[in-house]
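First the structure, in the form of structure tokens, and then the observations on it.
Numbers here simply count residues along the sequence, with the first being 1.
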Amino acid sequence: MDIESLPRLRAPDSTLSLLREGYDFVSRRCDRLGTDGFRTRLMLRPVTCLRGPEAARAFYVPGRLTRRGAMPAQVLALLQDKGSVQALDGVEHLNRRALFLDLMSQERLDLARRLLREEWRATARTWSGREVTLSREIGPILTRTALRWCGIDPVDNAPGQREEELSAMVRGAAKIGPGHWRARALRRRSEAWAREQIRAARAGAPPPGTPLAALAYHRDPDGLALPRDVAAVELLNLLRPIVAVGRFIAFSAHAMATEPEARTSLTADEAALRAWGDEVRRLYPFFPLIGGRVQKPFSHAGHRFDRDDWVLLDLHGTNRHPAAWPKPERFDPSRHLAAAPVEGGFVPQGGGPMREGHRCPGEMLTQALLSEATALLHEAQFETPPQDLSIPRRTIPPWPASGMRLRL
């Protein structure tokens with residue numbers, strides 16, 4: 001049986017439907033067709049859309065798919081760029097990936113949490129007795145945290161400009177038109193700044209053991225230093241995701257406001273904080289899809305995928321798939337304490353093996369920062385004034401509609 005057995009949508013192209021429906025595009029059609037995969041066209045290119053734990057296991061077999069040419073150019077330009085770790089394959093990918101994973105030691109994860117707590121508390125002194133909007137407050141906090149964690153002094157590096165640039169990259173990745181082009185312009189400014197950081201680090205003595213030093217002195221498989229442009233791109237690939245964690249932090253506050261029963265059971269215990277954060281990452285929308293192009297032909301559920309076939313995996317739909325999660329729409333952190341998730345069923349930042357595959361190498365850092373922020377929110381005992389707490393389904397990635405307003 002070949003790929004022709006997968007249902008094909010009647011529409012000649014689904015690009016507008018994807019833009020209109022956002023996170024619900026794949027799952028809505030899978031539910032209607034009674035399948036976990038279908039064929040269509042996006043931007044006039046043939047594509048196969050898949051969801052579910054079985055599809056994720058097939059998608060994340062190391063070496064099976066490449067990320068090259070698998071995501072729209074506008075997304076790549078803002079979120080990764082050419083030469084970055086996620087755009088590599090083979091020995092180059094393993095070498096660069098090891099650099100990132102070496103930065104995820106427990107010592108450095110603990111440092112990230114301490115820095116976040118310091119920056120949060122310094123800002124929170126201005127919050128007392130007034131209402132704050134978390135979507136506006138969290139970006140500057142995380143930007144200063146990210147700069148310090150990488151070994152860069154915020155005082156000397158215009159943290160307001162850095163926050164504007166890094167936030168625009170996240171906000172503009174799925175946009176078209178003026179919003180996207182403004183983000184591209186801000187990215188160019190940010191890359192120029194990052195190149196100067198790498199140049200200065202190589203000319204001087206960056207703090208040892210920091211990500212900045214690691215990037216400045218890293219050697220590729222041939223023993224050569226990274227080109228300055230590439231090292232700068234990878235520096236942004238450390239800073240930007242830390243700022244992007246702000247969405248998850250806002251969603252954590254949203255869950256506390258809308259899930260009072262779960263909130264009463266939340267404690268400062270590390271396992272409870274981790275489980276809460278994992279449930280936030282499972283249930284709330286972040287980036288909806290990940291793309292791959294087939295390098296090694298394979299069969300999945302009786303269907304043949306040939307070389308260069310374009311495949312999209314529905315991350316958001318897989319995280320809510322009933323084959324992996326009983327009552328998947330329910331917010332229940334305890335499910336992460338009871339047992340390990342079904343393999344391939346928990347993919348908020350990708351799946352597969354961490355060292356050999358394309359799973360986000362910063363996932364542990366996300367978990368650490370989200371646990372710390374959840375603890376800080378829990379300590380604050382905030383109240384939620386009347387507001388629109390809906391989550392937009394077309395904005396990628398979204399904030400809660402009112403920005404998550406809190407009264408402390």
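Using a 4.5 Å cut-off on side-chain heavy atoms (C-beta onward), S190 and M169 make contact. Side chains of P328 and R282 form a contact here, defined as non-hydrogen atoms less than 4.5 Å apart. At a threshold of 4.5 Å between non-hydrogen side-chain atoms, the residues V243 and R162 do not count as touching. Annotation: side chain of L266 is in contact with side chain of L273 (closest heavy-atom distance under 4.5 Å). Residues L312 and I290 have side chains not in contact (no heavy-atom distance under 4.5 Å, counting atoms from C-beta outward). Contact check for L239 versus W149: no side-chain heavy atoms found under the 4.5 Å cut-off. Side-chain atoms of H321 and V342, non-hydrogen and from C-beta on, never get closer than 4.5 Å to each other. Side-chain contact check for S14 versus L9: some heavy-atom pair is nearer than 4.5 Å.
Here the straight-line distance linking atom CG of L116 with atom CD1 of I249 works out to 6.0 Å at 0.5 Å rounding. To the nearest 0.5 Å, the span separating CZ on R405 from CD on Q387 amounts to 5.0 Å. Here R274 contributes atom CZ and E270 contributes atom CD; the two are 9.5 Å apart, rounded to the nearest 0.5 Å. Rounded to the nearest 0.5 Å, atoms CG (L406) and NE2 (H254) are 11.5 Å apart. Atoms NZ and CZ, on K296 and R64 in that order, are 9.5 Å from each other to the nearest 0.5 Å. Note that CG of D314 is 4.5 Å distant from OG of S27, once rounded to the nearest 0.5 Å.
The local environment of CZ in R330 is sparse, with at most 12 non-hydrogen atoms from other residues, nucleotides or ligands closer than 6.0 Å. Atom CZ of R189 has more than 12 heavy atoms from other residues, nucleotides or ligands within 6.0 Å. The environment of E54 atom CD is sparse: at most 12 non-hydrogen atoms of other residues, nucleotides or ligands sit within 6.0 angstrom. Heavy atoms of other residues, nucleotides or ligands lying less than 6.0 angstrom from CD of E343 number 12 at most.
Here W399 pairs with nothing under the ring-ring contact (aromatic ring centres under 6.0 Å, His included) rule; sequence neighbours left out. Not a single salt bridge (charged side-chain N to carboxylate O under 4.0 Å, His left out) links R171 to another residue, sequence neighbours left out. Remark: W120 pairs with W127 by the ring-ring contact (aromatic ring centres under 6.0 Å, His included) rule, at least two apart or across chains. For P398, the side chain to side chain contact (heavy atoms under 4.5 Å, CB included) criterion is met by Y23, F251, P285, I391, P392, T395, not counting sequence neighbours.
Using a 30° and 60° split on the angle between ring planes, F298 and F305 fall in the parallel class, below 30°. The aromatic rings of F248 and F286 lie parallel to each other, with less than 30° between the two planes, well short of the 60° mark.
Between the side chain of H358 and the main chain of L88, a donor-acceptor pair closer than 3.5 Å is present. In this structure, the side chain of W310 engages the main chain of A70 through a donor-acceptor pair within 3.5 Å. When atom types are taken as modelled, the side chain of S105 and the backbone of R108 share a donor-acceptor pair closer than 3.5 angstrom. A donor-acceptor pair is defined here as one N or O able to donate and one able to accept, closer than 3.5 Å; no such pair exists between the side chain of R136 and the backbone of V132. Proximity of a side-chain donor or acceptor of R335 to a complementary backbone N or O of P341 within less than 3.5 Å is not detected. No donor-acceptor pair under 3.5 Å is formed between the side chain of T133 and the backbone N or O of S135. A side-chain donor-acceptor contact under 3.5 Å links R293 to the backbone of R68. D13 places a side-chain N or O within donor-acceptor distance of the main-chain N or O of T15, the cut-off being under 3.5 Å. No donor-acceptor pair closer than 3.5 Å links the side chain of S371 to the backbone N or O of A368. Remark: side-chain polar atoms of S265 are paired, donor with acceptor, to backbone N or O of A262 under 3.5 angstrom.
The closest side-chain donor-acceptor pair between T143 and E163, if any, does not fall under 3.5 angstrom. One side chain, N237 or E234, offers a donor N or O that lies under 3.5 Å from an acceptor on the other. No donor-acceptor contact under 3.5 angstrom links the side chains of R29 and T40, judged on distance only. A donor atom on one side chain and an acceptor atom on the other are found under 3.5 Å apart for R20 and S17.
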Which side-chain N or O atoms in residues 379-386 pair as donor and acceptor under 3.5 Å with protein atoms at least two apart or in another chain?
{"from": "E379", "atom 1": "OE2", "to": "R117", "atom 2": "NH1", "distance (Å)": "3.4"}
{"from": "E379", "atom 1": "OE2", "to": "R117", "atom 2": "NH2", "distance (Å)": "3.3"}
{"from": "Q381", "atom 1": "NE2", "to": "H378", "atom 2": "O", "distance (Å)": "2.9"}

Sequence neighbours left out, cut at 3.5 Å: what donor-acceptor pairs do the side chains of residues 345-356 make with other protein atoms?
{"from": "Q349", "atom 1": "OE1", "to": "R281", "atom 2": "NH1", "distance (Å)": "2.7"}
{"from": "Q349", "atom 1": "NE2", "to": "T366", "atom 2": "OG1", "distance (Å)": "3.2"}

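Closest approach of R320 to L283, counting heavy atoms only: NH2-O, 2.6 Å. Here the closest non-hydrogen pair linking T374 and S252 is OG1-OG, 3.0 Å. The minimum heavy-atom distance linking P361 with R97 is given by the pair CD-NH1, 3.9 Å. The two residues G344 and A56 have their closest heavy-atom pair at O-CB, 3.3 Å. Residues I198 and L215 come closest through the heavy atom pair CD1-CB, 4.3 Å. When all heavy atoms are compared, the tightest approach of Q197 to L212 is O-CD1, 4.0 Å.
Using a 4.0 Å cut-off between a side-chain N of Lys or Arg and a carboxylate O of Asp or Glu, R51 and D31 qualify as a salt bridge. Comment: R188 does not engage E191 in a salt bridge, judged by the lack of any side-chain N to carboxylate O separation of less than 4.0 angstrom.
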Residue pair R148, D153: steps toward the side chain to side chain contact (heavy atoms under 4.5 Å, CB included) verdict: CA-CA 6 Å; R148 293 176 64 191; D153 187 353; over 6 Å; no
Derivation of the side chain to side chain contact (heavy atoms under 4.5 Å, CB included) call for L226 and R96: CA-CA 10 Å; L226 295 178; R96 191 79 57 79; 3.7 Å; yes
Give the intermediate values and the outcome of side chain to side chain contact (heavy atoms under 4.5 Å, CB included) for residues D332 and K327. CA-CA 9 Å; D332 181 10; K327 300 181 179 179; over 6 Å; no
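Of the residues D308, V311, D306, the one that meets the side chain to side chain contact (heavy atoms under 4.5 Å, CB included) test with V294 is V311.
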